[in-house]
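Comments concern the structure below.
Throughout, a chain's letter reflects where its sequence line sits, starting with A, and its residues are numbered from 1.
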Protein chains: 2
Amino acid sequence: MTDRITLKEVADAAGVHMSTASRALNEQTRDVVNAETVARVLKAARRLGYTPNPLARGLRTNRTMTVGMIIPDIENPLFGPIIAGAAARLGSDGYSLLIADADLKDQASVARVIETLIDRRSDGLILATSARSDPTVAELANRNVAAVLVNRTADASPLPSIVGDDHEGIGLVVQHLVDMGHTEIGHISGPQTMSTGHGRYQAFLSWTQSLGVEVAPTAIEEAAWYRVEAGLHATSALLERRPDITAIVCANDLLAMGAYRAVRQKGLRVGADVAITGYNDTPLLDLLEPPLTSVRVPYRQMGSEAAGLLISMLSSDNGSGSPVSLRLTPTLSVRGSSGPHS
Amino acid sequence: MTDRITLKEVADAAGVHMSTASRALNEQTRDVVNAETVARVLKAARRLGYTPNPLARGLRTNRTMTVGMIIPDIENPLFGPIIAGAAARLGSDGYSLLIADADLKDQASVARVIETLIDRRSDGLILATSARSDPTVAELANRNVAAVLVNRTADASPLPSIVGDDHEGIGLVVQHLVDMGHTEIGHISGPQTMSTGHGRYQAFLSWTQSLGVEVAPTAIEEAAWYRVEAGLHATSALLERRPDITAIVCANDLLAMGAYRAVRQKGLRVGADVAITGYNDTPLLDLLEPPLTSVRVPYRQMGSEAAGLLISMLSSDNGSGSPVSLRLTPTLSVRGSSGPHS
DNA sequence: GCGGATGATACAATCGATTGCTGTCGGCTG
DNA sequence: CAGCCGACAGCAATCGATTGTATCATCCGC
């Protein structure tokens with residue numbers, strides 16, 4: 001590639017020593033250098049188009065200004081906004097984002113990817129991978145790696161996390177369905193091994209109870225994965241068992257898609273006969289017929305907050321001041337799939 | 001973070017000099033070191049858990065084993081598979097992926113992001129951003145930066161590119177519609193400033209002509225952006241002008257979504273009255289009613305091939321052997337939105 | 001038994017920055 | 001006028017690897 005200007009060349013051009021040039025260029029140490037000299041160095045640097053070599057700097061300072069991010073399944077559209085939000089926030093603070101895509105089902109792959117990121121001397125990590133109980137999370141905390149969980153959290157996690165408020169989100173849904181006159185409400189839950197699946201399930205139980213809606217165990221079915229097929233399967237089973245159900249709260253939009261199919265296979269109409277709600281408000285799904293009522297989570301903000309939190313952890317000189325986890329408030333996008341009880 | 005083992009420590013543990021340890025650890029130079037010594041060093045390295053410091057290595061060798069990727073709009077689900085494919089291929093060759101998300105509409109932002117990636121001493125770049133005529137592409141080539149274009153290409157690009165074969169893809173669509181008996185076929189084209197928009201438009205003209213389908217200029221409408229609203233707008237205008245049209249080839253799935261709406265606003269049925277086809281075969285859109293007929297492009301492979309191409313450019317000792325651009329063959333996913341002419 | 005080839009390892013320069021320490025110079029104080 | 005201080009800039013070590021060259025022992029043939 002292009003030949004690059006080094007600090008030495010800038011220093012020579014400005015007629016000073018490397019070390020002086022270095023101090024003049026560095027905000028922190030600029031004040032120990034004579035103002036005129038600073039100006040001279042800055043001008044020379046600009047004229048020559050100097051950019052510091054991050055490798056040399058990193059080698060010396062032991063900071064790479066790089067943050068690693070681990071995504072379980074980058075093809076999931078969910079992660080686009082999270083990455084974008086994080087990248088923007090990091091970029092404005094001079095950090096770059098190293099992306100690694102790990103297969104969540106393959107524990108070893110996750111560990112390997114994390115190792116790669118650490119070996120590369122990332123200053124910190126953003127993890128979108130963690131299952132509810134994940135040994136690697138604890139290990140990271142032990143190894144004293146700066147890391148933040150995003151979207152998902154681990155049980156009693158030693159790491160700070162930025163997640164959506166699932167309790168709040170499910171509350172919006174249940175409240176909405178109750179308002180629409182539904183009393184027989186079912187739930188297609190996500191995998192209970194994941195924090196989102198578990199949290200939304202708990203929230204469903206809690207809200208129905210506090211709103212006085214009776215929910216028998218038969219009204220709940222767990223989907224094995226967040227997949228359309230799993231949703232179809234689970235919903236079929238649910239409707240078979242409980243034909244009286246008029247509303248189904250799905251833990252995720254993909255499950256809701258499966259529910260659409262199951263409802264139709266039973267010869268029922270989505271929205272009119274059976275109300276269906278999703279979670280995530282996946283783009284494009286408002287184009288369905290009927291459009292899906294879903295909980296919108298501020299994913300972009302989530303990424304941004306996670307990055308911000310990590311940055312503050314990295315720049316707090318003392319390791320203390322335990323960083324605070326954040327729980328972002330979702331909103332409900334009401335659409336045609338959740339009609340009133342007929 | 002954790003204290004790290006250095007080469008010196010490994011060397012001491014093995015009772016040799018740093019340089020010997022270095023050569024023993026390095027595949028390339030291993031053969032100049034006595035086999036027993038190699039074994040001893042390797043064992044020591046493994047025992048201590050040694051991982052080389054990529055900064056020190058990079059500083060010396062001037063290679064970071066890092067590839068930068070520029071994405072115009074990471075929230076577009078299109079890019080997920082491309083990133084995943086590239087990341088996988090790069091990872092298996094020891095490279096990591098630095099992701100930068102640039103706002104395509106903001107030329108300065110693209111340039112800034114590229115600069116960042118270069119300043120970070122990325123070994124090479126994968127660009128998904130380029131418009132048809134993009135000054136930065138030419139500049140990169142001038143600066144002798146190793147770079148590959150993916151998904152989109154620039155006119156007469158000096159850089160190799162991996163793209164889908166739009167001519168072929170549109171051919172599949174047009175052939176299919178002709179087979180279904182359509183003779184009045186319209187086209188909602190993408191922005192002509194982008195290679196995909198332009199290429200698919202040209203392909204449409206070419207295929208209709210060669211298949212003997214008459215296409216008046218009134219049967220073509222350009223959408224300003226790849227957005228649902230733009231598709232709605234363009235399709236409305238098209239149908240207003242040409243109510244006789246029975247099939248619409250859209251340059252992109254989002255435009256097709258807009259077309260769905262426009263058709264319905266006219267009181268017509270998608271699939272039965274007006275056939276609609278998309279491009280990209282975006283996940284989830286097969287869940288629409290009717291499900292969207294679309295051209296499937298092997299995006300994951302695209303990312304993988306782009307990474308492979310870049311790697312070969314980086315490792316070819318001579319800069320010659322001009323790397324070959326690739327054009328990947330798409331397939332057609334026929335679904336309900338493209339019914340026969342009634 | 002000696003010059004020279006060979007194989008194995010050690011030495012030291014180098015990559016490009018940061019930073020603690022030293023040196024210099026002018027001015028101020030006692 | 002000696003001594004000291006402060007402001008400024010240069011010196012050189014350092015980060016952790018890679019790599020060209022030097023060293024050294026061994027062994028070969030003559």
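OP1 or OP2 of C/dA17 lies within a sub-4.0 Å distance of a side-chain N or O belonging to A/Tyr50. A sub-4.0 Å separation between OP1 or OP2 of D/dA17 and a side-chain N or O of B/Asn53 is absent. The side chain of A/Ser19 contributes no N or O atom lying less than 4.0 Å from OP1 or OP2 of D/dG10. Between B/Thr61 and the phosphate of D/dT18, there is no side-chain N or O to OP1/OP2 separation shorter than 4.0 Å.
Taking atom CZ of A/Arg23 as the reference point, atom P of C/dT19 lies 9 Å away to the nearest angstrom. Atom-to-atom, NZ of A/Lys8 to P of D/dC11 comes out at 10 Å; the value is rounded to the nearest Å. Nucleotide C/dT19 holds its P atom 13 Å from the CG atom of A/Leu25, rounded to whole Å. In this structure, B/Gln28 atom CD and D/dA17 atom P are separated by 18 Å, rounded to whole Å. Computed from coordinates, the B/His17 NE2 to D/dT19 P distance equals 15 Å when rounded to whole Å. In this structure, CG of B/Asn26 is placed 11 Å from C1' of D/dT19, rounded to the nearest angstrom. If you take CE of B/Met18 and C1' of C/dC15, they are 13 Å apart, rounded to a whole angstrom.
In summary, the side chains of B/Thr196 and B/Arg152 do not present any donor paired with an acceptor at a separation below 3.5 Å, with no hydrogens or angles considered.
Residue A/Thr29 is out of contact with every strand shown, counting any heavy-atom pair closer than 4.0 Å. Among the heavy atoms of the strands lying under 4.0 Å from B/Val32 is at least one base atom, whether or not backbone atoms are also near. Counting any heavy atom pair closer than 4.0 Å across all strands shown, A/Ser22 reaches a base atom.
Remark: side-chain polar atoms of A/Asp93 are not paired, donor with acceptor, to backbone N or O of A/Tyr95 under 3.5 angstrom.
Applying the 3.5 Å distance criterion, the base of D/dG16 shares no donor-acceptor pair with the side chain of A/Arg60.
Across every non-hydrogen atom of B/Arg89 and B/Ser92, the tightest pair is O-OG, 2.9 Å.
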